[in-house]
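See below for the structure under consideration.
Just so you know, these numbers use all the heavy atoms, side chains as well, and skip hydrogens, waters and symmetry mates. In what follows, chains carry the letters A, B, and so on, assigned in the order in which the sequence lines appear, proteins first and then strands, with residues in each chain numbered from 1.
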Amino acid sequence: MSVAYRPVLWNRTKLIYDAILIAAVAAYLVIFLTVAPRLSPEAAAISFPIYRMRAFGTCAFLLLTMVLAIGPLARLDTRFLPLLYNRRHFGVVTFLVAASHAGAVLAWYYAFSPTPQLDALFLSNTSFSRVAGFPFELFGVFALLVLAVMAVTSHDFWLSFLTPPVWKTLHMGVYAAWAAVVLHVTLGPLASGGNPALLALVAGGVAVVVTLHVLAGRREAARDGVPSPQPDGWIDIGDLRDIPEGRAITGAAPGGERIAVFRFKGHLSALSGVCSHQMGPVGEGKVVLGSVTCPWHGYQYRLEDGCSPPPFKERLRKYHVRLQGTQVQVDPVALPLGTRVPPLAIPVPEGRA
Amino acid sequence: MIRRQRRAHALIWTALAVALPLALVAILANAPGGALPERAPERLDAETGG
């Protein structure tokens with residue numbers, strides 16, 4: 001969390017994350033450009049400018065595929081959450097590598113003509129009715145533009161300025177960018193007789209990313225199932241015995257959002273299950289130092305009023321919670337932001353007081 | 001994500017799960033380098049190396 005915007009808010013975790021990411025990208029490019037040609041006569045036979053654009057292009061495809069896999073992986077298995085923490089830097093690096101690929105292409109294929117490079121890129125090929133020779137570059141241009149918009153707006157300033165729902169919708173544009181990249185590679189190098197390794201990379205990437213997203217989507221849909229409300233409108237969230245100390249169980253309001261009920265030091269507190277930062281699953285977080293902590297980026301909220309501890313200003317909506325035996329029930333009508341609701345004391349069974 | 005975006009996500013990825021593999025197969029099948037010869041004798045020739 002931050003109260004003031006800085007270009008990049010560094011911490012030790014982010015530095016390690018970025019160092020590993022940049023080292024991995026550098027290692028891929030060095031191996032592709034210097035080691036592979038020594039091991040493969042076929043690779044050595046390719047002219048360096050073309051080989052260089054392939055190095056950046058395959059690297060960008062791999063990075064984008066990994067960026068898209070991180071989200072569903074983290075939803076399906078919490079061990080992948082650390083990858084999500086700094087995913088925006090991953091996206092910016094992906095854009096830079098993709099832009100390097102585009103620069104290498106422009107500096108070679110379109111550099112030896114009196115026609116301006118961008119004019120040649122958009123106007124030299126209009127074979128839209130053929131698979132072979134289709135102007136596949138346009139899909140790449142589209143994807144690069146989307147990645148550029150996302151890289152530019154990745155900062156928390158834009159997240160706050162656009163509001164989280166709009167920002168999140170805008171950044172779902174990465175799905176279209178990735179699909180465009182798949183078509184770019186398929187209609188380009190693969191359709192003109194690309195090598196089996198590239199085909200395996202693209203087909204494998206498509207299979208992995210699509211499967212992960214479909215699986216994660218099905219799991220999310222199952223979590224959105226709403227039980228029949230009580231006669232007074234309150235809804236069952238789950239059983240008290242299923243809530244570990246410092247954790248929550250979540251339910252969904254009819255037609256509304258997820259609600260998380262946290263158990264902490266013998267009390268229950270109900271808050272919105274959607275983080276106000278990037279709309280992460282705050283209900284899957286835990287209580288740290290008395291505050292609910294979102295598993296995505298560590299944003300924190302007080303249990304009693306849903307407000308972030310000062311000087312931070314993020315807030316979650318609170319809900320009334322009650323116990324019917326061991327059944328945890330919530331009034332699905334959200335309270336105004338900042339409303340203070342004392343945590344509900346869990347009755348101590350007789351003989352244990 | 002909020003509920004509306006979760007629904008959009010599910011819709012988008014279900015569509016991509018169907019459309020992208022089909023597009024890949026259609027493109028590669030129609031590409032000069034990836035298409036099988038349409039005439040049977042050519043396929044047989046290719047298999048026998050003749």
- Item | Asn86(A) and His297(A) side chains, donor-acceptor separation under 3.5 Å | no
- Under 4.5 Å from a heavy atom of chain A, the part of Ala23(B) involved: side chain
- Message: Does any backbone or side-chain atom of Ile12(B) lie under 4.5 Å from a heavy atom of chain A? Answer side chain, backbone, both or neither.
- Response: side chain
- Sequence neighbours left out, what pairs pass salt bridge (charged side-chain N to carboxylate O under 4.0 Å, His left out) with at least one residue falling in residues 165-178 of chain A? none
- Message: Is it true that His171(A) and Thr153(A) share a donor-acceptor pair across their side chains at a distance under 3.5 Å?
- Response: yes
- Message: Suppose we call two aromatic rings close when their centres sit under 6.0 Å apart. Are Trp178(A) and Tyr175(A) close by that rule?
- Response: no
- Query: Is chain B contacted by the side chain of Leu212(A), its backbone, both, or neither, given a heavy-atom distance below 4.5 Å?
  - Reply: neither
- Query: Tell me, side chain or backbone of Leu20(B) under 4.5 Å from chain A's heavy atoms, or both, or neither?
  - Reply: side chain
- Looking at Leu183(A), Leu187(A), Val182(A), which makes the most heavy-atom pairs under 4.5 Å with chain B? Leu187(A)
- Aromatic ring proximity, centroids under 6.0 angstrom, Phe61(A) and His184(A): no
